[in-house]
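What follows is a short report on a single structure.
Keep in mind that this is a model prediction, so the values were computed, not measured. If you read the sequence from its start, that first residue is 1, and numbering goes on from there. Each ligand, and each atom within it, is numbered from 1 in the order the structure gives.
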Amino acid sequence: MRGLMQDSPLTIDTIFRHVEQHFGDVAIATNSPKGVTRSTYAEWAQRTRRLGGVLDTLGISADGRVGTFGWNSQRHLELYFAAPCTGRVLHTLNIRLFPEQLTYIANHAGDEVVFVDRSVFGLFWPLVDTMKTVRHVVVMEDGGDAELPDDPRISDYETLLAQAEPVEFDVRDEGLAASMCYTSGTTGNPKGVVYSHRSTVLHTMAALSPNAFGLSVRDVAMPVVPMFHANAWGIAQAAPAAGSALVLPGPMMQPEALAKLIVDEGVTFTAGVPTIWQGVLPHLAGKPHKLRDIGCGGSAVPKALSEAYREQVGIPILQAWGMTETSPVASSGVLPKRFQDADDATQAERRSRAGIPLFGVEARIVDSETLEPQPWDDQATGELQVRGPWCAKDYYAPDAGVELSTPDGWMRTGDVAAMDTDGSIRIADRTKDLIKSGGEWISSVDLENAIMSHPAVKEAAVVGIPHPKWDERPLACVVLNEGSSATEEDILEHLKPLVAKWWMPDAVEFIDEVPKTSVGKFSKKDLRSKFAEYQLKS
Ligand code: ADP
């Protein structure tokens, strides 16, 4: 017997219409060097329909790739909907990538047009001739002052919008590609993840759920995580779908500016990578605010950072785990029932985990070669593998030899994790960042967490250094808080009660800053090459 319910397709235009019909008066604020611009979802919806008309006027193919190169802004949100709701494919380019990678990605995806914020036009324009399929460059005025050359490929967003007719959105096929995002990848070329309408709608529902971000009409949401990387963690769809007001930082990503927006705009929910919250903390501490949750992920959230927020801002950090390949949110560190009345230290420990998979995602830990399942005893580790309707099964036209899925249909994450009896995930490391000492693995993440709990330490990153006897030994690279001091002995003394003896770093190097990747994560790759010739004393 078959169910007798309607087969309504799960397409992004259903989100669009819901926002247009029910949340027209809800506010969208975008920051810029010239101040905050204010609008509503009603204006946004009208402009988004006209933007659909612009894509027609520009002659973008029926499923053409629409590139974007910009900050979190209302115009970017218009593109987030106009491209997929007209059957095209939104392709967010990461503005912080190296030029060669941008060229590779735009050519690989086959972008026909790229919408560029004026403040980053200078980064983009020198590459335009290397991007073989790009026929149009549309400039979005965001308060930037880059010179615009006289070139027939360039047009102005607002001029095009003013001339365009609004279009109807009616995507019937939920399996169509809606957007794509390239992940920097650990080896080889960047890899394209292609989201469908269906995966995006389901991920939106999951991101909205109370065990994840729990957005509603009561919220003012501020995604600090960029719309140019990993879909702003789904907030760009989830906040409108829930009727939450939106605050978009634009190019104003300085910690002071972010803290000011949180306070002035009454932000209730925000999300970003740990380095962002590290920077914002001193500007937010002690200030009046309406925050109920600060989402954080993309790399391990140090317990010390979450606790500093609890003590100085009044709320701890809500950790989430995910990847570009998982749309990206796949698990959240929300406290399970039995820990809700636990003491502060126990709760802090729980919050330092990636947590429980969101409903819709299943997770397992296995031996990455034999796929032998590992026990959920919080001790054994294995490769974390996931499956669910918003996890990728393959990359877009991948290079030979790149296999994302296992033969039995699970997605390989490249993360090493342990799981406890509840199936709560504790990320131990990324496969390539583990340190192998005497045949045993040392988790760089656990060591960093322990070092960062020293009050004088601002940031710590641990990398493996080749060692003749042990294969590799840990080197701790430490950045101290301004005005603080600590010696190598102080750090090692602090670690003694916290980590196994054989995990103790062989050396501590004090550095000015941990190099960061294009999305603000610690760049272990850069650190490893910086210390490539490093000689350990023993
Ligand atoms: P990349 O950093 O390679 O461009 P992503 O942004 O998709 O790609 O990053 C995904 C990776 O980030 C995960 O595989 C994991 O290693 C790391 N990560 C994400 N969230 C967390 C978390 N909460 N704790 C530890 N690591 C995390």
(Q) Using a 4.0 Å heavy-atom cut-off, which part of Ala354 comes near ligand 1: side chain, backbone, both, or neither? (A) neither

Q) Taking the inter-plane angle between the rings of Tyr182 and His91 on a 0 to 90° scale, is it parallel (under 30°), tilted (30 to 60°) or perpendicular (over 60°)? A) tilted

Q | Distance-only N or O hit between ligand 1 and Gly298, under 3.5 Å | A | yes

Q. Is the closest basic N to carboxylate O distance between Lys458 and Asp512 below 4.0 Å?
A. no

Q | Interfacing atoms of ligand 1 (cut-off 4.0 Å, heavy-atom, Thr324) | A | 5 (P), 6 (O), 7 (O)

(Q) Give the atom numbers and elements of ligand 1 that come within less than 4.0 Å of a heavy atom of Gln319. (A) 22 (C), 23 (N), 24 (N)

Only pairs under 3.5 Å count here: list side-chain donor-acceptor contacts from residues 201-210, not counting sequence neighbours, and write none if there are none.
unit_1, atom_1, unit_2, atom_2, d
His203, NE2, Val329, N, 3.0
Thr204, OG1, Thr200, O, 2.6
Ser209, OG, Ala206, O, 2.6

**Q.** Side chains of Leu79 and Val66 in contact at under 4.5 Å (non-hydrogen atoms)
**A.** yes

Q: Answer whether the closest heavy-atom distance between the side chains of Phe213 and Asp293 falls below 4.5 Å.
A: no

(Q) In this structure, does ligand 1 have an atom that sits under 4.0 Å from one of the heavy atoms of Gly322? (A) yes

Q: Mind listing the closest non-hydrogen atom pair of Ser196 and Glu174 along with its distance?
A: CB-O, 3.8 Å

(Q) Could you work out, with ring-ring contact (aromatic ring centres under 6.0 Å, His included) as the rule, every residue matching Tyr309, not counting sequence neighbours? (A) none

Q | Sub-4.0 Å atoms of ligand 1 with respect to non-hydrogen atoms of Ala320 | A | 20 (N), 22 (C), 23 (N)

Q) Are Ala230 and ligand 1 in contact, using a heavy-atom cut-off of under 4.0 Å? A) no

Q. Counting from 1, what ligand 1 atoms have a heavy atom of Thr183 closer than 4.0 Å?
A. 1 (P), 3 (O), 4 (O), 8 (O)

Q. Taking atom 14 (O) of ligand 1 as the point of reference, which of Thr326, Asp415, Asp429 owns the nearest heavy atom?
A. Asp415

(Q) Using a plain distance cutoff, I'd like to know if Met323 has any nitrogen or oxygen under 3.5 Å from a nitrogen or oxygen of ligand 1. (A) no

